[in-house]
Structures are given as structure tokens and as C-alpha cells.
Amino acid sequence: MVLAEQLRAAGVRRGDLVGLALDQMTGAGVAAAGAAPIGLGAEVADVAAALTHADADVGPRWVTWSAATASAALGLGWEIPRSWDLAAVHRLLVGGWRAEPQQIWATAHGLPAPVLAQRAAPPDLFSIDAADDDGAGAGPVRADGQLRSDWPAGSWRRDPASLAAWAGCALEVAVRQAEMIEALPDRPLASTVARSESAAELLCAELGARGLPVDVPEAERLIAAFVGPRPRTEADADAARAARDESVLRHAPPGTTYLLRNPAHVKSLLRSAGIEVTDTRAWRLEELRGSHPLVDDLLEWRKAERIATTFGYAWLDAHVGPDGRLRGEWTGSDGAAGRMTATVGLHTLPAELRPAVVAEPGHVFVRADLGQIEPRVLAAVSGDRALAAATRDDDLYAPVARDLGVDRATAKVAVLGAMYGQTTGHGAQALRRLDAAYPVAMSYLREADVSGQVGRDLRTRGGRLVRLGPIDEAGLDEREARRRAAARGRYARNATVQGAAAELFKMWAAVVRTRLAGTRGEIVLCLHDELLLHVPSQAGAEAAAMVVDALGEAAARWAPDRSVRFVADVAVIDRWSDAKG
DNA sequence: TGCGGCTATTG
DNA sequence: CACAATAGCCGCAG
């Protein structure tokens with residue numbers, strides 16, 4: 001194959017960075033250091049085959065602009081094995097969420113942040129930024145060194161030569177990013193994290209494409225138990241809704257009208273039954289359960305209404321394909337601490353509906369979740385030897401309870417309270433004992449808290465920038481300014497732990513993903529501290545052992561001093577709900 | 001039509 | 001009801 005030979009001729013070795021730009025319709029562009037950019041178009045009969053072969057033969061680390069490149073590759077029938085994702089690394093370096101090529105380029109080149117046009121639609125020939133029209137030629141880079149704002153979206157620039165130029169830009173940025181990552185003071189893990197964050201982007205593209213297996217008839221049965229059978233007509237749906245409402249409204253005084261979807265009305269309705277509440281949240285009403293049938297019926301109505309509006313038949317129809325796969329969009333790192341997010345309720349599926357997530361015939365799920373990940377991560381990032389010692393126990397809270405001289409439940413609340421920034425209530429007493437038992441961990445959290453309060457940016461252990469400034473408290477009274485400072489403090493305190501946990505989780509997921517490559521097993525869900533794998537039945541036990549081993553590998557990479565132990569619960573199951581939650 | 005408030009679900 | 005997220009409905013401002 002031509003491409004593989006060209007890469008070899010350019011001296012590309014396994015793991016070297018090679019720029020990649022893809023367009024499903026028109027071809028691909030590839031750029032390697034020391035070689036002229038290579039455009040793969042009409043002359044290459046099968047672009048996917050050429051890339052697949054080049055990958056197997058040479059095995060570079062493909063530089064992608066974003067997860068969209070991975071999606072395009074999947075569209076061509078090729079799963080990128082490893083990448084350097086410019087958007088993911090950019091987010092690591094400078095925090096936040098937006099990572100357009102123009103911003104990525106400017107950051108990597110030390111240029112001022114470009115003013116990004118707010119575009120509702122992709123650019124066309126008539127919406128070119130005036131600054132782009134500078135006579136610097138047709139390439140991607142403007143005379144002022146910035147990237148042109150209309151690259152590469154315009155369809156007139158998806159020819160192989162333009163894609164090759166685009167791949168060349170990607171390679172150049174990746175080299176600069178790698179230097180910046182390497183130069184981060186006191187963050188030796190950042191290069192490793194950059195690669196696992198890149199892998200997470202690949203995984204996001206794959207999760208979006210493959211979806212989560214759902215037993216649709218079972219899902220319909222579960223939904224029906226809450227809101228009745230699938231309505232056949234609009235009138236049917238209205239009648240079912242009215243019937244649901246009536247189950248609550250029958251408790252209202254005759255001649256009154258209350259709208260159940262308006263909290264103020266619900267409060268009035270409760271008052272009409274002699275019940276005074278400051279708000280109508282379920283946890284508050286739960287305390288009043290049994291005191292009046294209205295409360296019980298209202299709580300049941302809320303549950304059904306939630307299913308009807310968010311996880312009902314419309315949801316099923318919109319997001320579950322004819323192949324029984326539930327598909328949403330995945331993001332590799334959110335704006336705050338860098339956790340993965342997913343749309344269409346993949347992360348908030350109510351426990352009652354989880355029995356509908358069923359492995360396909362001949363397959364099983366391997367469900368694995370990290371145990372007590374946040375306190376273990378706190379022990380690692382802070383370097384607290386006493387807390388690290390507690391991680392040797394399968395149940396970290398047992399030794400912590402002994403260290404604090406309290407019961408397990410109190411110990412757990414205290415530790416979580418410290419990580420979330422709770423300063424009042426039941427945990428306050430135990431918090432003082434935490435200070436005495438784990439001074440290093442507690443001062444780590446306190447320092448993060450102070451950073452948040454004064455608006456000083458932080459980096460997680462893996463190097464992700466958590467942006468905390470600038471603070472705008474114009475027009476705030478002192479009370480409100482203090483309240484916001486405290487909120488920033490709690491946010492910062494938590495971000496250092498949650499963000500580090502997200503890094504470890506993604507590293508684990510990346511190792512698992514690599515080990516599954518070439519097998520018929522696949523990751524189908526990531527849920528902050530939990531992985532769900534879908535594998536052929538006969539491979540279940542092997543995959544279960546593999547995820548445990550993969551955790552060992554990820555932990556050794558992320559926390560190389562080995563002082564902290566990480567544990568995972570693993571089960572081979574047919575339904576997501578089969579394992580304990 | 002966009003946005004903040006309220007509510008629900010999850011880790 | 002601490003920390004984070006997505007998502008839906010309501011009322012209100014523009």
C-alpha cells in the first residue's frame with residue numbers, strides 16, 4: 001500500500017505523531033514530520049483500507065482535531081487505535097470546554113485568543129471573516145499567523161490537498177502541545193494523561209456510534225407500569241395525562257383548580273389539605289408520607305410524570321434505533337473537572353428502567369465500578385500517608401472510622417463532607433478529627449478551597465487547568481460576595497478530587513479499550529466510576545479478569561508510587577440491574 | 001424565543 | 001440536599 005510506504009520512507013516509527021484529517025465523502029489528508037503532506041483522494045480506491053493498512057504496518061499516533069475525526073473514521077469503517085486529540089489536550093492545558101481549531105492553534109502558537117464568530121450555520125463563501133481576506137494565499141494560515149476561520153468547514157476545501165494541509169496544521173499543533181504539556185511545572189503525569197484523554201475522545205465517538213443495548217419490549221413494559229400503555233392517538237395521550245392528574249386532584253377541595261406542574265400551585269394544594277411546606281421537593285414530601293393520602297399520591301404522580309416526560313415512549317422512539325441500541329452524544333471532558341458526559345439520559349437513567357438494559361443474545365455484560373474512588377484519589381493526590389494506609393482496606397471507611405474514633409456512617413459523611421466543602425451540620429465535629437488524623441489531605445483540600453475563594457486557577461494532578469478567575473463581584477453586597485467566594489471554594493476543593501478521579505477513570509477506560517481492540521467485546525457505557533462492557537458470553541470471565549488487570553495498569557501509570565490501592569467491583573451479568581448498585 | 005427557577009435523576 | 005452533570009416544564013422579560 002502506498003501510504004504505509006510513504007510513511008515508512010518519511011521515517012515514521014510506531015507511536016510517532018502523524019497528522020490526520022478526514023472527510024467521509026472526499027478523502028483524507030495525512031502529514032508526517034519531514035514529508036510533504038499526503039492527500040488521499042480519488043486515486044486511492046479505498047481510503048479506509050489505506051489508513052487501516054498504514055496503521056497496522058506503521059502504527060503511528062494519529063493527530064486529530066477533535067472527536068469528529070474519530071467519528072468520520074468510524075463512518076469509513078476504521079476505528080482509530082490511538083490518537084493525540086488536539087481539542088482534548090487543549091482543554092487539559094487551558095481548561096474550559098470550547099476548543100475550536102482557531103483557539104487551539106492560537107494557544108499552541110502563543111497568539112492572542114481569536115475572536116470567534118458566532119455562527120448558527122456552517123460558513124459559506126459569503127460569510128468569510130474580513131480578517132481572512134488578507135491576500136496571504138489560499139492556505140489555512142493568515143498573514144497575522146492565526147488560523148483562517150473558514151477552515152476546514154467549507155465544502156470547497158475538502159479536497160485531498162486541502163485535507164493534507166489541514167493534517168499538516170494538526171501535526172504542527174500537536175508537536176507544540178506536547179512541548180507545552182512536557183513543560184508544565186510539577187505535573188509529570190500530564191503527557192500520559194494527554195494520551196488517555198485523547199483515547200477518551202476516541203471512546204466517545206465509538207460510544208455514540210455503537211450505543212447501549214436495550215430490550216425495547218421490556219422497556220415498554222416498564223414504562224407502561226408507570227404511565228399506562230402506549231397511547232395510539234393524541235387524544236389518547238391527553239386522556240392518560242388527565243387520568244394521572246386526577247389521581248392527585250381528587251384530593252383538592254371541590255371547585256378549585258391546581259396545576260400540578262407549577263410548584264406554587266402544588267404548595268397551595270398542599271396548604272388546602274393543611275400541609276405547610278417551604279418547597280415541594282420529593283425528599284421533603286417523603287418525610288410527610290402517610291400523613292395525608294394527597295402526599296402519597298403526589299409523590300407517585302411525580303414519579304410517573306418524570307417517566308412520561310423524560311423517559312417515556314417518545315424518548316424510546318427518538319433515541320433507540322431499530323437495532324435496539326440507545327444512542328446519545330458523548331463528551332470526553334465537561335467544563336468543570338473533566339468528567340465524561342452523555343446526553344439522552346444515559347447517565348441519569350432511573351434505576352427502575354435499568355432492567356431494560358439487556359445484553360444481546362449470545363452476549364453478557366461485564367460491569368465494573370471503582371470502589372470509593374474519590375477518597376482513594378484524595379489520598380493519592382495529597383500524598384497523605386495515613387489516608388493512603390486506609391486504602392489498603394477493601395472498605396476504606398472501616399479504618400477511617402477507627403482512626404477517627406467514630407462509627408462507619410459518621411466517618412463516611414465526614415470524609416465526603418470534607419471533599420465537598422461542608423462546614424456545618426453533623427459532619428462538623430468529625431471534621432476536626434479528620435484534621436488531626438489526615439492533616440496532609442485536609443490541608444490539600446483547604447489550599448484548593450482558598451484558591452477558589454481568591455480566584456486563583458488550579459491544576460489537577462494530571463495537569464487539567466481548573467479555571468477559577470477572574471472574579472466579578474461588581475454590584476454585590478458583602479454577604480453575597482462572601483457566599484459566592486464560599487461556593488467557589490467548595491467548587492475548587494471538589495474539582496481537584498473529582499477531576500483527578502476522572503483522569504484515573506479515563507486512563508482505566510483507555511487501557512480496557514485497547515485490550516478489547518480486535519476482540520468482539522466493546523465498552524458500551526462509561527459512568528464516572530463504572531464501566532459496562534458488552535462481550536460474547538464465552539468471553540465474559542476473561543473480560544472480567546481483564547478489567548481488574550487493566551485497573552492495576554492504569555493505577556500504576558497514574559499513581560506510580562503505589563502507595564494507594566484502588567479496587568473494582570466486577571460482575572458478569574445479563575442485565576445492567578443484575579449487579580448491586 | 002431565551003433564560004432563570006424548580007424539580008428529578010444519576011455518580 | 002454539600003460537588004458534578006442532563007433534562008423537562010413553568011413563568012416572565014423582551
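All of these numbers come straight from a predicted model, not from anything done at the bench.
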Within the structure, does a side-chain N or O atom of [X] lie under 4.0 Å from either OP1 or OP2 of [N]?
| X | N | result |
| --- | --- | --- |
| A/K303 | B/dT9 | yes |
| A/T280 | B/dC6 | no |
| A/R281 | B/dT7 | yes |
| A/R490 | C/dA2 | no |

Who pairs with A/E305 by side-chain hydrogen bond (donor to acceptor under 3.5 Å, both in side chains), at least two apart in sequence or on another chain?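 Expected list: A/R244, A/R261.
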Residue list, side-chain hydrogen bond (donor to acceptor under 3.5 Å, both in side chains) with A/E246, at least two apart or on another chain: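 A/E246: no side-chain hydrogen bond (donor to acceptor under 3.5 Å, both in side chains) contacts found.
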What residues form a side-chain contact (heavy atoms from CB on, under 4.5 Å) with A/V320, not counting sequence neighbours?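 Scan of A/V320 (side-chain contact (heavy atoms from CB on, under 4.5 Å), adjacent residues dropped) gives A/V216, A/L316, A/L326.
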Among all residues two or more places apart in sequence or in another chain, which pass the side-chain contact (heavy atoms from CB on, under 4.5 Å) test with A/R557?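 Scan of A/R557 (side-chain contact (heavy atoms from CB on, under 4.5 Å), adjacent residues dropped) gives A/T192, A/M507, A/V511, A/E553.
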Rounded to whole Å, how long is the line connecting atom [atom1] of [X] with atom [atom2] of [N]?
| X | N | atom1 | atom2 | result |
| --- | --- | --- | --- | --- |
| A/I373 | C/dC3 | CD1 | C1' | 16 Å |
| A/N494 | C/dC3 | CG | C1' | 4 Å |
| A/L299 | B/dT7 | CG | P | 13 Å |
| A/E352 | B/dT9 | CD | P | 7 Å |
| A/L468 | C/dC3 | CG | P | 14 Å |
| A/F226 | B/dA8 | CZ | P | 14 Å |
| A/E300 | B/dA8 | CD | C1' | 16 Å |

Could you tell me whether A/E206 and A/R513 make a salt bridge, using a distance below 4.0 angstrom between a side-chain N and a carboxylate O?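 Answer for the salt bridge query: yes.
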What pairs meet the salt bridge (Lys or Arg N to Asp or Glu O under 4.0 Å) rule with one or both residues in residues 450-477 of chain A, with sequence neighbours excluded?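 Listed once each, the pairs are A/E197-A/R464.
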How would you list all residue pairs meeting salt bridge (Lys or Arg N to Asp or Glu O under 4.0 Å) that involve residues 309-319 of chain A, not counting sequence neighbours?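 Listed by first then second residue: A/R230-A/D317.
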Validation: residues 525-534 of chain A side-chain donor-acceptor distances under 3.5 Å, sequence neighbours left out:
{"from": "A/E530", "atom 1": "OE2", "to": "A/R367", "atom 2": "NE", "distance (Å)": "3.2"}
{"from": "A/E530", "atom 1": "OE2", "to": "A/W576", "atom 2": "NE1", "distance (Å)": "2.7"}
{"from": "A/H534", "atom 1": "NE2", "to": "A/E360", "atom 2": "N", "distance (Å)": "3.0"}

Indicate, with a heavy-atom threshold strictly under 4.0 Å, whether [X] touches base, sugar-phosphate, or nothing.
| X | answer |
| --- | --- |
| A/R493 | nothing |
| A/A264 | nothing |
| A/R488 | nothing |

A/D549: salt bridge (charged side-chain N to carboxylate O under 4.0 Å, His left out) partners, not counting sequence neighbours: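 Testing A/D549 for salt bridge (charged side-chain N to carboxylate O under 4.0 Å, His left out), a comparison that skips the adjacent residues, returns A/R515.
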Quick check: on DNA chain C, is the nucleotide nearest A/A282 upstream (toward 5') of the one nearest A/A336, or the reverse? Name the residue that is more 5'.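 Nearest nucleotide further toward 5': that of A/A282.
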Would you give me the side-chain donor-acceptor pairs under 3.5 Å for residues 371-379 of chain A, sequence neighbours excluded?
{"from": "A/Q372", "atom 1": "OE1", "to": "A/R376", "atom 2": "NH2", "distance (Å)": "2.9"}
{"from": "A/Q372", "atom 1": "OE1", "to": "A/L396", "atom 2": "N", "distance (Å)": "2.8"}
{"from": "A/Q372", "atom 1": "NE2", "to": "A/D395", "atom 2": "OD1", "distance (Å)": "2.8"}
{"from": "A/R376", "atom 1": "NE", "to": "A/G371", "atom 2": "O", "distance (Å)": "3.0"}
{"from": "A/R376", "atom 1": "NH1", "to": "A/T391", "atom 2": "O", "distance (Å)": "2.8"}
{"from": "A/R376", "atom 1": "NH1", "to": "A/R565", "atom 2": "O", "distance (Å)": "3.0"}
{"from": "A/R376", "atom 1": "NH2", "to": "A/D393", "atom 2": "O", "distance (Å)": "3.1"}
{"from": "A/R376", "atom 1": "NH2", "to": "A/D394", "atom 2": "O", "distance (Å)": "3.0"}

Taking only heavy atoms on the protein side, list every residue of residues 521-535 of chain A lying under 4.0 Å from any atom of DNA chain B, sorted numerically.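 The stretch gives A/L527, A/H528, A/D529 as the residues lying under 4.0 Å from the strand, ordered by number.
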Could you list all N or O pairs between the protein and nucleotides 1-3 of chain B that sit under 3.5 Å apart?
none

To the nearest 0.5 Å, what is the distance between OH on A/Y313 and CD1 on A/I307?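 With rounding to 0.5 Å, OH (A/Y313) is 10.5 Å from CD1 (A/I307).
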I'd like to compare against my own output: the B/S/- annotation of nucleotides 6-14 of chain C with a strict under-4.0 Å heavy-atom distance to protein. SSSSSS---
